[in-house]
Amino acid sequence: MRLSQVSFRYSRRGPWILKDVELSLHPGSVTEVTGHNGAGKSTLLRLLAGFLPPSHGSISDRPGTVGYAPDVFPTDQPFTVAAYLAHMSRIRGGSPASAVELAGRLNASHLLEQPLGDLSKGSAQKIGLIQALLAPPDLLILDEPFAGLDEQTRAELPLIIDEISSAGGMVVVSDHQNQLRAFPGAIHWLVADAAVTPHTPDPQARPADARLDHPWDADRLPPQVSKPSARQVVIQVIVDAGEADAVEQKLRADGYLTRRSS
Amino acid sequence: MIHLARFKLSAYARSHRLFQPMIGLLMMLAIFYSTLTPPGKELSAYADSAGLLILIFAWAARGLLDTEPPTQRLISMTAAGRPGREIGAGLLAALTVNLGMATIAVGLPLIHGFAAMPAPADLAGGIALHVLGVSAGTALGALTSRPILASPAVSMLVLFGGYLALLLISLTPVGRLSVPIMPWMRAANDGLLDEVLLPISAATLFWTAAGLTLYTRLRRLNP
């Protein structure tokens, strides 16, 4: 699959979200897309999935079977999990049994009879992953798949990614927390300033959230404390006490180290 | 595409959004047929029904296409294989709902509404006009659905305003070149529908096709 001189903006006079992007994806590749909020990661994924046509340039050789798991699964739908997945299976021409099997693997069997509207964020995220995997995808696109997942599923997801790539599928994961930084053979793209550039993450670095453990990770120390990879500065952010937790969570989710004082 | 259309219909039915246009349909039919239509006037009654129910058909199509959350539409596009199939499945589902409503609109007066059973030719004419109403209404509803007009207030204004504009334009000399609602009502009332049915159908289907083409193009930019 190839992106040739792809540029995109949402309106004729709007700013370029992506400009003259030149990329290739090969069968069996695992690509992690990183970048700050609003950098254009989700737009790049939507172009790759074929939801949006490029404003300029072209995308060629997109595979036939695409799996897409959104960053926020839409739970405001009038179905139980089982009924929803049965519909998605039929649309994909598969069997509902595969949904049950995937639910077992992602620790979601107990959710099957629940209405979608009753799901927590993490549970909804699992259903988003299951529907994307109902048919073995030639191209799997995961938008922030690790957000809100429990530890068992966090550990299982890289194994699933590995299985799909081993079978020749292309996997593209948007992840501003760099969860796949140490994934063997993964390619890393950085989206910034309307450009997509290859980059090499610090293999010793770890996500800001210390609970985010993976089977291939050996170092358990936060990188910002032990091995700063670039010059760092301290910015003080003063907030109301009631908002402190929310602001701290947002900063940690963006990969920043925070220290609180009162 | 059939399975995706069924998924959309199922979501529409379970969300109870169908109730609003269905109540509107039954209220309008109750008003149309509050007094029995005398023998020989059935085609005229059908023509009025088909023209006025375009608004209800548009409302139903808009409601159906608004049912899926935006992110689910993206998921459905990948599940169906390509975006065009998701767009097609939505239109197919809207058309199915509206054909069901049109069946009620044609069938109900046969049970209660007409003083006598209409002649087969009048029944066929009534069915043809309702099919034209369904096609125009589905296109208008699609063009006012959430992927095209995100604001519900603007969407409703455009839906009602668009229908009013169709009615008013069809009153003018160029009415036969637009969706000719008033011309088909007049022709049915004057017993001349057979003579004008072909150009009326051509004009209605042309504008329906234009509306659906525009909808499809806009959906590719606003998935």
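What you see is a predicted model, and the numbers here were worked out from it, not measured in a lab. All chains are named by letter (A, B, ...) in the order of the sequence lines, taking the proteins before the strands, and each is independently numbered beginning at 1.
Ring geometry for B:F7 against A:Y84 counts as perpendicular: the plane angle is over 60°, on a 0 to 90° scale with 30° as the lower cut.
B:L4 and A:I91 get closest at one heavy-atom pair: CD1-CD1, 3.6 Å. When all heavy atoms are compared, the tightest approach of A:P78 to B:S15 is CG-N, 4.0 Å. Heavy atoms only, all atoms of each residue included: A:M88 and B:A79 are closest at SD-CB, 4.4 Å. Taking every heavy atom of both residues into account, B:S10 and A:H87 meet most closely at OG-NE2, 3.8 Å.
More than 12 heavy atoms of other residues, nucleotides or ligands lie within 6.0 Å of CE in B:M156, so this atom counts as buried by the packing criterion. Heavy-atom neighbours of A:E101 CD from other residues, nucleotides or ligands within 6.0 Å: at or below the threshold of 12. Crowding of A:W189 atom CH2: a count of heavy atoms from other residues, nucleotides or ligands under 6.0 Å exceeding 12.
Between chain A and the options B:T67, B:L74, B:N222, heavy-atom pairs under 4.5 Å are most frequent for B:L74. For chain A, the option among B:A13, B:P83, B:P69 with the highest count of heavy-atom pairs below 4.5 Å is B:P69. For chain A, the option among B:M77, B:R6, B:R14, B:R73 with the highest count of heavy-atom pairs below 4.5 Å is B:R14. Heavy-atom pairs under 4.5 Å with chain A were tallied for B:E68, B:M1, B:H3; the largest tally goes to B:H3.
With rounding to the nearest 0.5 Å, the separation of CD1 in A:I127 from CD1 in B:I75 is 11.0 Å. Atom CG of A:L52 sits about 8.5 Å away from atom CG of B:L221, to the nearest 0.5 Å. A:F51 contributes atom CZ, which lies 9.5 Å from atom OG1 of B:T71 (distance to the nearest 0.5 angstrom).
A search for salt bridge (charged side-chain N to carboxylate O under 4.0 Å, His left out) contacts involving A:D150 returns A:K126, not counting sequence neighbours.
Looking at A:R46, only its side chain comes within 4.5 Å of chain B, counting heavy atoms on both sides. For A:F73, the part lying near chain B is the side chain, with the backbone staying farther off; criterion is any non-hydrogen pair under 4.5 Å.
Inspection of non-hydrogen atoms places no residue of residues 134-154 of chain B under 4.5 Å from chain A.
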Let's go through B:T78 and A:R92 carefully: what are the C-alpha distance in whole Å and the side-chain angles of both, what is the deciding distance for side-chain contact (heavy atoms from CB on, under 4.5 Å) to 0.1 Å, and is it a yes or a no? CA-CA 9 Å; B:T78 54; A:R92 286 190 176 276; 3.6 Å; yes

